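Read the structure below first, then the notes.
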Amino acid sequence: MAEPNIAQRGPFAVDVEAGMKYFWCACGKSGNQPFCDGSHAGSEFTPIPFDAETSGKVFFCGCKHSNNKPHCDGTHTFV
């Protein structure tokens, strides 16, 4: 199993809008972090959809190793 690239060692704090669908980058190669830009093409990674139920700040995983993807769970302190 391939390891994702670590985009950053900490979360991406993003203001999301209720009712919008976002696609979290799982490979770590996107130039549009924390969201997918298609850089995973040809790899075993696929983006993870996130449906915003409410508007507000969401902390998306930046290290790509969270056990609660796409949310940050603090795993970045160990990788």
Side-chain angles (χ1 to χ4, degrees):
M1 180 173 193
E3 287 288 317
N5 289 354
I6 296 173
Q8 74 177 25
R9 293 190 185 276
F12 289 96
V14 178
D15 288 316
V16 298
E17 184 180 332
M20 295 293 293
K21 179 171 258 183
Y22 301 86
F23 291 90
W24 177 77
C25 168
C27 71
K29 294 181 179 179
S30 174
N32 189 35
Q33 291 294 333
F35 304 116
C36 178
D37 69 358
S39 294
H40 65 276
S43 75
E44 65 186 66
F45 294 99
T46 56
I48 295 178
F50 173 79
D51 294 311
E53 294 178 8
T54 59
S55 294
K57 194 166 298 295
V58 174
F59 294 90
F60 290 99
C61 175
C63 75
K64 311 304 178 180
H65 288 81
S66 173
N67 292 312
N68 190 29
K69 296 174 177 90
H71 303 281
C72 176
D73 68 357
T75 299
H76 58 271
T77 59
F78 304 107
V79 291

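It should be emphasised that the depicted structure is a prediction, and the values quoted were computed from it without experimental measurement.
In the hydrophobic clustering of this structure, Met20 groups with Phe35; members are Ile, Leu, Val, Met, Phe, Trp, Tyr whose side-chain heavy atoms approach within less than 4.5 Å, directly or through other members.
Not counting sequence neighbours, the partners of Ile48 by the side chain to side chain contact (heavy atoms under 4.5 Å, CB included) test are Trp24, Lys69, Pro70. A search for side chain to side chain contact (heavy atoms under 4.5 Å, CB included) contacts involving Glu44 returns Met1, Ala2, not counting sequence neighbours.
Remark: side-chain polar atoms of Lys64 are paired, donor with acceptor, to backbone N or O of Cys25 under 3.5 angstrom.
Separation of atoms CZ (Phe60) and CZ (Phe50) is listed at 4.5 Å; rounding is to 0.5 Å. A distance of 8.5 Å separates NE2 in His71 from OG in Ser66, rounded to the nearest 0.5 Å.
Using modelled atom types and a 3.5 Å distance limit, the side chains of Thr75 and Asp73 yield a donor-acceptor pair.
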- Which is it for Asp37 and Ser39 under the side chain to side chain donor-acceptor pair (under 3.5 Å) test, yes or no, and what are the steps along the way? CA-CA 6 Å; Asp37 69 358; Ser39 294; 2.5 Å; yes

Under 3.5 Å, sequence neighbours excluded: what are the donor-acceptor pairs made by side chains of residues 4-13?
{"residue": "Gln8", "atom": "NE2", "partner": "Gly10", "partner atom": "O", "Å": "3.3"}
{"residue": "Gln8", "atom": "NE2", "partner": "Pro11", "partner atom": "O", "Å": "2.8"}
{"residue": "Arg9", "atom": "NH1", "partner": "Val79", "partner atom": "O", "Å": "2.2"}

